[in-house]
Visitor: 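Below is one structure. I have some questions about it.
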Amino acid sequence: MTDSTMKPSTITQKDLAVHSGYRDEYCGAVTEDLLEQTITIVGWIHRRRDHGGVIFLDMRDRAGILQVVVDPDTPEAFATADAARPEYVLKITGRVRRRYEGTENKNMTSGQVELLGKEIEVLAKSETPPFPLNDENMTVSEDLRLKYRYLDMRRPEMQERMVFRAKATSAIRRYLDDHGFLDVETPILTRATPEGARDYLVPSRTRPGNFFALPQSPQLFKQLLMVSGFDRYYQIAKCFRDEDLRADRQPEFTQVDIETSFLNEEEIMNINEGLIKNLFKTMMDVELADFPRMTYAEAMRDYASDKPDLRIPLKLIDVADLMKDVDFKVFAGPANDPKGRVAALRIPNGASLSRKQIDEYTKFVGIYGARGLAYIKVNDASNINNGVDKESGLQSPIIKNMTDDVLARLVERTEAEDGDIIFFGADKASIVNDAMGALRQKIGLDMDMTTCEWAPLWVTDFPMFEETDDGQWTSMHHPFTKPKGSVEELKNNPESALSIAYDMVLNGTEIGGGSLRINTLEMQQAVFEALGIDAIEAEEKFSFLLDALKFGAPPHGGLAFGLDRLIMLMVGASSIRDVIAFPKTKTAEDPLTQAPAPVEGKQLRDLGIRLREKAQADTTKPAQ
């Protein structure tokens, strides 16, 4: 006989409020300590098996699974078990006994024992679920899972993730409480401010034509708390951004929001590094080493990403100076363009890649705007004069456009060895960075090059501004980030200004970011001027913050962690939707509640809103 397998639960007996009018013990917490005792459990039938007159019920609750045996010696209980089906809710009373030798399940906390059922009561029947809840290898569309999310979350995997998240959040709170931080709530209905993404707007009934905005983050309010004298603040905060979605983005998400006064950036980083180290030790018994530091310029040069995955030992190498005079415009053009980049990526033992695999990688970089993926296979690095000879030397369609001297210097600079392949990115620097940074990570994972399980990192010294397509400046983080240097230096050289900002990266994912904040009116006005925000616009949108800076704002700074992303990495999920109880789809819809949805005309009239005809027609379409 077999029963359901499940990883040992993260729930311990002390976490469970066991006794109630329905049960004595949780299913997943029944152990040998209860041998020969009569107990009552409640739960769902995870799996039912009929073995020649003996019925086995795997009973499930949030603590795990317990095998229940029902035999014909108890006719009434047997008849009830015989009629029951998966996902029925049962109350079962019976005697705890040891499993027969050879039938134990070491993967379950309760795997050494079983319950001999004597009395069974059906608390609720269930229709056949739209997808199996007892099959770990099930393949079902995410939309269907989200439509029946309350069923999806019954699955042991989802139960474990939600329990992990709850306990991780508690551990974060304990750490911050122990370090003198105060949990302070900030408003959900606030004012629209330019923070990078589109706001979700809420119309005001009492002031027709005016709107609240849902907060993209509590940024301005936590700065005001510092002005108020609360020198250590935190909040597990809901944030909202109307932006294009992907695996690690949701329209509503959760931040661990932290702010402090009278600490410098090193002190803030050390506190938050300690928080993550403590979390990994508490939740996973993983000892993280001290986090390395890397400047933004170093990260972009070596990894073409401001969130490099340091588990992968591959680095990019700039070769533009070697390509300026080659007879190959694809390389020579970007090499001579101040805004261009030509970068090489050496893949050890990559010459074994097939043409089909190279074509697949070429399609992959095309997603990021690259127009192709040039390569050179190194068959015999000591014999490059053989040119296109497929048995020795270098093998590539592009080497006929390069002199032997350029090829020799290229092999030397990349430190290429026999059996390697060198990929090239040549275009605008932004395209090369996006494409080659993604290619570096994909190849590293495809070829199993990771050197460790966890690779945390601090990235520092971000540019204060980045240039938009129309030649204007925009904040790389947000307009309240403190720049290095004086007001005069910022005004004279905004293009070279660096910010006192820092991002925490884990395995190639940004899990947190923060900065010191501007605490003087003069510096804040200088930043607004660099961003093209004049005094009238600044007063209109940020008057409350500018007024606060007039009344003695302390030096302050902070950081916000993306809780969803962090938990996703820790539990090994592929999407933050798998660690959020009721997430939205990739199109920002909720299949469960059918939101967003049309509202009655009276509600719109109360708000002073009238829909255009096209918009009205669109709202009649059913949610996908």
Visitor: Answer yes if the side chains of Gln525 and Glu529 hold a donor-acceptor pair under 3.5 Å, and no otherwise.
Guide: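 Not at all, the side chains of Gln525 and Glu529 share no donor-acceptor pair under 3.5 Å.
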
Visitor: Do you know which two heavy atoms are closest between Arg440 and Leu316, and how far apart they sit?
Guide: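 Answer, listing the atom of Arg440 first, then Leu316: CD-CD1, 4.1 Å.
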
Visitor: Please check this pair: side chain of Asp590 against backbone of Pro596, looking for a donor-acceptor N/O pair closer than 3.5 Å.
Guide: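 Flag not set: sc Asp590 to bb Pro596 has no pair under 3.5 Å.
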
Visitor: Salt bridge or not between Arg341 and Asp427? Use side-chain N to carboxylate O under 4.0 Å.
Guide: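 So Arg341 does not pair with Asp427 through a salt bridge.
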
Visitor: Are Gln219 and Ser217 close enough, and set up right, to give a side chain to side chain donor-acceptor pair (under 3.5 Å), and what steps lead you there?
Guide: CA-CA 5 Å; Gln219 180 61 50; Ser217 76; 4.7 Å; no

Visitor: Would you check, one step at a time, whether the test side chain to side chain donor-acceptor pair (under 3.5 Å) holds for Asp470 with Gln472?
Guide: CA-CA 6 Å; Asp470 58 4; Gln472 302 298 311; 5.1 Å; no

Visitor: Does anything in residues 473-492 pair up under salt bridge (charged side-chain N to carboxylate O under 4.0 Å, His left out), and if so which pairs, sequence neighbours excluded?
Guide: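 Non-adjacent pairs meeting salt bridge (charged side-chain N to carboxylate O under 4.0 Å, His left out): Asp461-Lys484.
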
Visitor: Please identify which of these residues, Gln223, Gln524, Glu259, meets the side chain to side chain donor-acceptor pair (under 3.5 Å) condition with Arg517.
Guide: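 Answer after filtering Gln223, Gln524, Glu259: Glu259.
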
Visitor: Where do Cys239 and Gln216 come nearest, in terms of heavy atoms and distance?
Guide: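 Closest pair (atom of Cys239, atom of Gln216, distance): CB-O, 3.2 Å.
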
Visitor: Going through the distances and angles, do Trp458 and Glu273 end up as a side chain to side chain donor-acceptor pair (under 3.5 Å)?
Guide: CA-CA 9 Å; Trp458 283 109; Glu273 182 174 323; 2.9 Å; yes

Visitor: Could you tell me if the side chain of Arg371 sits less than 4.5 Å from the side chain of Ile431, heavy atoms only?
Guide: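 SC-SC contact between Ile431 and Arg371 ruled out.
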
Visitor: Give a yes or no answer on whether the side chain of Gln441 reaches the backbone of Gly508 with a donor-acceptor pair at less than 3.5 Å.
Guide: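 Not at all, since once roles are kept as given, no pair shorter than 3.5 Å links the two residues.
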
Visitor: Could you check whether any side-chain N or O of Lys377 sits under 3.5 Å from a backbone N or O of Ala351, counting only pairs where one atom can act as donor and the other as acceptor?
Guide: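 Checking the backbone N and O of Ala351 against the side chain of Lys377, a donor-acceptor pair under 3.5 Å is found.
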
Visitor: Looking at side-chain heavy atoms only, is the closest gap between Tyr303 and Met294 below 4.5 Å?
Guide: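 Tyr303 vs Met294: side chains touch.
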
Visitor: Measure the shortest side-chain to side-chain distance between Asp143 and Thr585 over non-hydrogen atoms and say whether it is less than 4.5 angstrom.
Guide: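 Yes - at least one pair of side-chain heavy atoms lies under 4.5 Å apart.
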
Visitor: Taking only Lys NZ, Arg NE, NH1 and NH2, and the carboxylate oxygens of Asp or Glu, determine whether Asp321 and Lys324 approach each other closer than 4.0 Å.
Guide: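 Salt bridge: no.
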
Visitor: State whether Asp420 and Arg346 are salt-bridged, where the test is any N-O pair (Lys NZ or Arg NE/NH1/NH2 against Asp/Glu carboxylate O) under 4.0 Å.
Guide: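 Answer for the salt bridge query: yes.
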
Visitor: Between the side chain of Gln255 and the main-chain N/O of Leu563, is any donor-acceptor distance below 3.5 Å?
Guide: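 Answer holds: no.
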
Visitor: For Phe331, enumerate each residue passing the ring pair (Phe, Tyr, Trp, His ring centres under 6.0 Å) test, keeping only those at least two apart in sequence or located in another chain.
Guide: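 Testing Phe331 for ring pair (Phe, Tyr, Trp, His ring centres under 6.0 Å), a comparison that skips the adjacent residues, returns Phe328, Phe424.
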
Visitor: With side chains defined as the heavy atoms from C-beta onward, is the minimum distance between Ile276 and Leu566 less than 4.5 Å?
Guide: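 The answer is yes; the side chains approach within 4.5 Å.
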
Visitor: With a 4.0 Å cut-off, would you call Asp285 and Lys281 a salt bridge?
Guide: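 So Asp285 pairs with Lys281 through a salt bridge.
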
Visitor: Between Asp564 and Arg165, does any NZ, NE, NH1 or NH2 come within less than 4.0 Å of an OD or OE carboxylate oxygen?
Guide: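 The answer is yes: the pair qualifies as a salt bridge.
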
Visitor: Within this structure, what is the CG-CE distance for the pair Leu314 and Met436, rounded to the nearest 0.5 Å?
Guide: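 Rounded to the nearest 0.5 Å, the CG-CE separation comes to 10.0 Å.
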
Visitor: Distance-only, no hydrogens or angles: does the Asp337 side chain make a donor-acceptor pair with backbone N or O of Gly333 under 3.5 Å?
Guide: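 It does not hold such a pair.
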
Visitor: Looking at Phe364, does the NZ or CZ of Lys442 lie under 6.0 angstrom from its six-membered ring centre and within 45 degrees of the ring axis?
Guide: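 Verdict for Phe364: a cation-pi partner in Lys442.
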
Visitor: Is it true that Asp318 and Arg301 make a salt bridge, defined as a side-chain N closer than 4.0 Å to a carboxylate O?
Guide: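 Here Asp318 does not pair with Arg301 in a salt bridge, since their nearest N and O are not under 4.0 Å apart.
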
Visitor: Could you tell me whether Asp290 and Lys277 have a side-chain N and a carboxylate O separated by less than 4.0 Å?
Guide: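 Looking at Asp290 and Lys277, the cut-off is met.
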
Visitor: If we count only N and O atoms by modelled type, under 3.5 Å, do the side chains of Asn264 and Glu266 hold a donor and an acceptor together?
Guide: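 No, Glu266 and Asn264 have no side-chain donor paired with an acceptor closer than 3.5 Å.
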
Visitor: Is it the case that the ring center of Phe462 lies less than 6.0 angstrom away from the ring center of Tyr502?
Guide: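 When the ring centroids of Tyr502 and Phe462 are compared, they turn out to be at least 6.0 Å apart.
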
Visitor: Taking all atoms of both residues into account, what is the closest heavy-atom pair of Val378 and Ala416, and its distance?
Guide: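 Minimum heavy-atom contact is CG2-CB, 3.9 Å.
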
Visitor: So do the side chains of Met476 and Thr481 get within less than 4.5 Å of each other, counting heavy atoms only?
Guide: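 The answer is no; the side chains never approach within 4.5 Å.
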
Visitor: Hey, is Lys584 close enough to Glu252 for a salt bridge, meaning N to O under 4.0 Å?
Guide: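 So Lys584 pairs with Glu252 through a salt bridge.
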
Visitor: What heavy-atom pair brings Leu516 and Leu263 nearest, and what distance separates the two atoms?
Guide: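 Smallest heavy-atom distance, with atoms named: CD2-O, 4.0 Å.
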
Visitor: For the pair Asp152 and Arg149, find out whether any cationic side-chain nitrogen is under 4.0 Å from an anionic carboxylate oxygen.
Guide: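 Answer for the salt bridge query: yes.
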
Visitor: For the backbone of Tyr375 and the side chain of Ser396, can you confirm whether one donor and one acceptor N or O come within less than 3.5 Å of each other?
Guide: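 Present.
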
Visitor: Do you know which two heavy atoms are closest between Ile567 and Ala168, and how far apart they sit?
Guide: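 Looking at all heavy atoms of both residues, the shortest contact is CD1-CB, 3.6 Å.
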
Visitor: Do any N or O atoms from the side chain of Asp309 and from the backbone of Arg311 form a donor-acceptor pair under 3.5 angstrom?
Guide: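 The answer is yes, because a donor-acceptor pair under 3.5 Å joins these two groups.
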
Visitor: Is there side-chain contact between Val330 and Asn401, with heavy atoms separated by less than 4.5 Å?
Guide: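 Result no, sub-4.5 Å side-chain heavy-atom pair not found.
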
Visitor: Show the nearest heavy-atom pair for residues Leu531 and Ser475, with the distance to one decimal.
Guide: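 Smallest heavy-atom distance, with atoms named: CD1-OG, 3.3 Å.
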
